[in-house]
Number of protein chains: 4
Amino acid sequence: MSAVAKRRERERAERRDRILDAAQQVFWREGFEAAKMGAIAEAAQLGKGTLYLYFRDKDHLALGLATRHQTRLLERFGRLRSECGESGGLELLRRLLASYADHMQKPVEHLRMVMTRWATGAPFDPATEGCQSAGENVMRIFGTLRDTVIEAQQKGELPAHIPPERLTTFLFSSLNGSLLMQLQMNCLASLDEVNKKIMTTDEHIDLLLEACRHLARPSRVGERYDLEDAGQ
Amino acid sequence: MSAVAKRRERERAERRDRILDAAQQVFWREGFEAAKMGAIAEAAQLGKGTLYLYFRDKDHLALGLATRHQTRLLERFGRLRSECGESGGLELLRRLLASYADHMQKPVEHLRMVMTRWATGAPFDPATEGCQSAGENVMRIFGTLRDTVIEAQQKGELPAHIPPERLTTFLFSSLNGSLLMQLQMNCLASLDEVNKKIMTTDEHIDLLLEACRHLARPSRVGERYDLEDAGQ
Amino acid sequence: MSAVAKRRERERAERRDRILDAAQQVFWREGFEAAKMGAIAEAAQLGKGTLYLYFRDKDHLALGLATRHQTRLLERFGRLRSECGESGGLELLRRLLASYADHMQKPVEHLRMVMTRWATGAPFDPATEGCQSAGENVMRIFGTLRDTVIEAQQKGELPAHIPPERLTTFLFSSLNGSLLMQLQMNCLASLDEVNKKIMTTDEHIDLLLEACRHLARPSRVGERYDLEDAGQ
Amino acid sequence: MSAVAKRRERERAERRDRILDAAQQVFWREGFEAAKMGAIAEAAQLGKGTLYLYFRDKDHLALGLATRHQTRLLERFGRLRSECGESGGLELLRRLLASYADHMQKPVEHLRMVMTRWATGAPFDPATEGCQSAGENVMRIFGTLRDTVIEAQQKGELPAHIPPERLTTFLFSSLNGSLLMQLQMNCLASLDEVNKKIMTTDEHIDLLLEACRHLARPSRVGERYDLEDAGQ
DNA sequence: TATGAATGAGCCTTCATTCAT
DNA sequence: GATGAATGAAGGCTCATTCAT
């Protein structure tokens, strides 16, 4: 009985994953709005109704996809931390950011999907089951970055006088902006030729960290880094 | 006759503008996808068919909106340059960026609309009439920023050894990332409390410029700022 | 202009009527639940969307059908009253009831539709536009019957000591029961042979009026079958 | 073995009854169309597939329900006859009719279900197993009423010159019409206030029997309201 | 015998766009 | 030029029923 139950559970998980694979494929190809449930079912070689045994609706399918993607990113983060051992610090941070960027852009279609969701607004009702875990995952991703920022600060590789949350937010949003630009270039062909040669995401990360790193050295003694009048 | 023609042209321009006002209002309220042409026509106090005498389709309505918005931004940019006189440089750059950010977020609904368009991909066929001018406007916006970056470099307020396009792209994409985060926070309630207190767009600009400014001082003599091994 | 507007209005009314004809045809053939909007559109030789320019939804289509049917019945009632002149009274009542029954059963499919609606419960939200007129029509139908009952009472053809509303309700519900039995016979084939020969709707009306007429004669003292106030 | 078989049979009957209880509960709550087999299975604390071991399909579930309901009504009829002893006649008829009405309206939801079925048409293929017994039950119910009508006629409490089947049909359909009106009032709020105070089902029965009873007195010579063969 | 996961046909409604007036 | 009535394609979701276990 336990054996049967185990098999059942395994099969269920496998099928759920196959559905997510199919959904990912179709979402990437068509975009979320244009993706048809029928196409997903066909791609998963399942009946249309079966999809609804695993996901409440189209939105929850996307949510499941996002959660799985985040989970995999967190696994990558975990592996990177393990590999780095105690070295940690700025170098780990760079790798985490590069890993994040890579994970996000893997196929640009995925990036597009995620960005669309962010831009579209609040598609995930926080009250919905499954949405919380997605939010928690984001917090874990952010938290991992922040922890590494703190390490780098403690090592003196990043300015310690800036609150780590602030610094992490700065890095995170800036990097996301770089990713976003990948999509803008698709949208604005005129920018494409100029920028394509100018800045890859990795270069953005390097420049970003380099810039932050130098923030560590106070310009002048006594500077408070009051940003409002920093130019002064 | 010329007078009549002039009046006609003026009336046409006014009506076109009224349509754009109506479209903006509805797009902001409902989002692009959910916005109904009928609602726009009603808001413009025009027949549904009349809309199509001024804009090929819904997409071109959005395109016209974007172009008008960009034009207004360029006007703001022009005014800022005039005010600054010859002082220019980093301070002007900061004001341009702040103006850009302000113009983009004016209502967050507008930001959402723009971001969605960027993320959604390539809705504007470059071959389409009207799209070129949009692209050109983007180039002008980018060009204004780049010119100001160059000025700042010449003044020694920003590192001169980094290609201005590269630096401008960095600033531009990073700032866009900060704007994007405004929307993410709506989407991910969990991030909201943490970040809302942490970084406004203006703060992001300050930190960003401060970081870049310090890039001006080579870490060590002889460093080329080869980014690939910058950590080295 | 007035001519154009008139034509428009006439055409609109005609088309509305054609849609109702088509809906009636399909509803009768398939029943309300099974009737498909597409079939109605096809029967009306119109696009599916056009239906929704004239009726909010499937329910309102049925409502419109009901209202039209009631209106026609009221016209029949009006004609009967005119024909009868001043004679009125019981004979007019019989004709009204027969007319009602005939109008309801014209095709048994229509009867089925109406009965289903009654039985199904409260499909018409009283707040809905159009529903009030339907309710008002029912009241007019009932009112016509009641007025005629009163006439008959004044003529001494029906018992005057029974409140006319009560008497009318009795007649009305009883007749509806007879109509309902037409459908029951379809449902219960076993009853069919027995009853089909036994009582037509007209016979039911005759027997019903005959029975009521004799109520005019006050029961005898001591009889146990007094209604609450009948003996009075 | 016989004992085991008996137990099996008993258990099967019990389970069948539990399913009917569950179905009744759900049908009343949701209506036949909206009732979901899954909800019935859940209410019966059984698997969905199990339902189909006891009833061919949803329709037969309703049929089983109707049959059981009829059977219980027949038991009530039997009890009434026993109680009445030999008195029988009109008084028994009144009680039977009241009992019938009560049994039908017990919860108005049940009445709605039955009426819907009658109105909907011929859902029960007479060839289907189980449908015959339902038809037979109806015949038994009708037969009981008819027998009692005959008794009343023989006692002189009801007009003897009207064929008992005809009289019974008249009573039966009229009473059903009164029941139907309970539902109409739900549907037509405008009638509600007028009629709710005017006629309960019991009052309808009283008035109905009173009217029929007076038919017992042959019309006078020359009266115009003779039924076709009533005088005969 | 009991189960419940899988199935897939089926359908109302919306809305961008056109075109006759 | 302006109108708005007409169009019809398109799609997410339900649920009665089956059948392998």
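Numbered from 1 within each chain, the chains take letters A, B, ... in sequence-line order.
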Euclidean distance, atom CD of residue D:E11 to atom C1' of E:dA2 [Å, nearest integer]
13 Å
Where the side chain of A:Y52 is concerned, which of E:dA6, E:dA16, F:dC13 is the nearest nucleotide?
F:dC13
Quiz question: going by heavy-atom distance under 3.5 Å, is there a donor-acceptor pair between the base of E:dT13 and the side chain of C:K48?
yes
Side chain of C:M37 (C-beta onward), nearest among E:dC12, F:dT21, E:dT3
E:dC12
State whether A:R56 places a side-chain N or O below 4.0 Å from either non-bridging phosphate oxygen (OP1 or OP2) of F:dC13.
no
Give a yes/no answer on whether the side chain of D:R15 brings an N or O atom under 4.0 Å of OP1 or OP2 in E:dA2.
yes
What nucleotide among E:dA6, F:dG12, F:dA16 has an atom nearest to a side-chain atom of A:Y54?
E:dA6
Watson-Crick or G-U stems of DNA chain F, 3 or more pairs, under 3.5 Å, by first number:
E:2-21 with F:2-21
Parallel, tilted or perpendicular: ring planes of A:H110 versus A:W28, cut at 30 and 60 degrees:
perpendicular
Can you confirm whether more than 12 heavy atoms, excluding those of D:E11, are under 6.0 Å from its CD atom?
yes
Give D:R12 one of three labels, base, sugar-phosphate or nothing, depending on what nucleic acid heavy atoms sit under 4.0 Å from its own.
nothing
From E:dA6, F:dA2, F:dT18, nucleotide with atom closest to A:T50 side chain
E:dA6
May I have the step-by-step check of salt bridge (Lys or Arg N to Asp or Glu O under 4.0 Å) for B:R68 and B:D21, ending in yes or no?
CA-CA 10 Å; B:R68 187 176 76 165; B:D21 288 338; 3.0 Å; yes
Judged by nearest nucleotide, the residue sitting upstream toward the 5' end of DNA chain E, B:G49 or C:A35, is C:A35
Given the ring of B:Y54, does B:R15 sit roughly above its face, with NZ or CZ under 6.0 Å from the centre of the six-membered ring and within 45° of the axis?
no
Separation of C:I40 atom CD1 from E:dT13 atom P, in whole Å?
10 Å
In whole Å, I'd like the distance from the CD atom of C:E42 to the C1' atom of E:dC11.
15 Å
From NZ of D:K58 across to C1' of F:dT18 the rounded distance in Å is 17 Å
Show the numbers, then the answer: is there a salt bridge (Lys or Arg N to Asp or Glu O under 4.0 Å) between D:E14 and D:R10?
CA-CA 6 Å; D:E14 284 172 0; D:R10 182 171 47 79; 3.4 Å; yes
Could you tell me which non-hydrogen atom of D:M113 sits nearest to which non-hydrogen atom of D:F27, and how far apart they are?
SD-CB, 3.2 Å
Given F:dC13, E:dT17, F:dT7, which nucleotide is nearest the side-chain atoms of C:L53?
F:dT7
Position toward the 5' end of DNA chain F (nearest nucleotide), B:L46 or C:G47
B:L46
Interatomic distance where CG belongs to B:L61 and P belongs to E:dC15 [whole Å]
16 Å
Is there a side-chain contact between C:V114 and C:E109 in this structure, where contact means two heavy atoms from C-beta onward sitting under 4.5 Å apart?
no
Would you kindly give the CZ-to-P distance between B:F27 and E:dC15, to the nearest whole Å?
13 Å
Atom NZ of C:K6 and atom C1' of E:dT21: how far apart are they, to the nearest Å?
19 Å
Which residue lies more 5' along DNA chain E, comparing C:G38 with A:L51 via nearest heavy atoms:
A:L51
Above 12 or not: heavy atoms from other molecules or residues under 6.0 Å from CD of C:E30?
yes
Length of the CZ-P vector between C:R16 and F:dA6, whole Å
13 Å
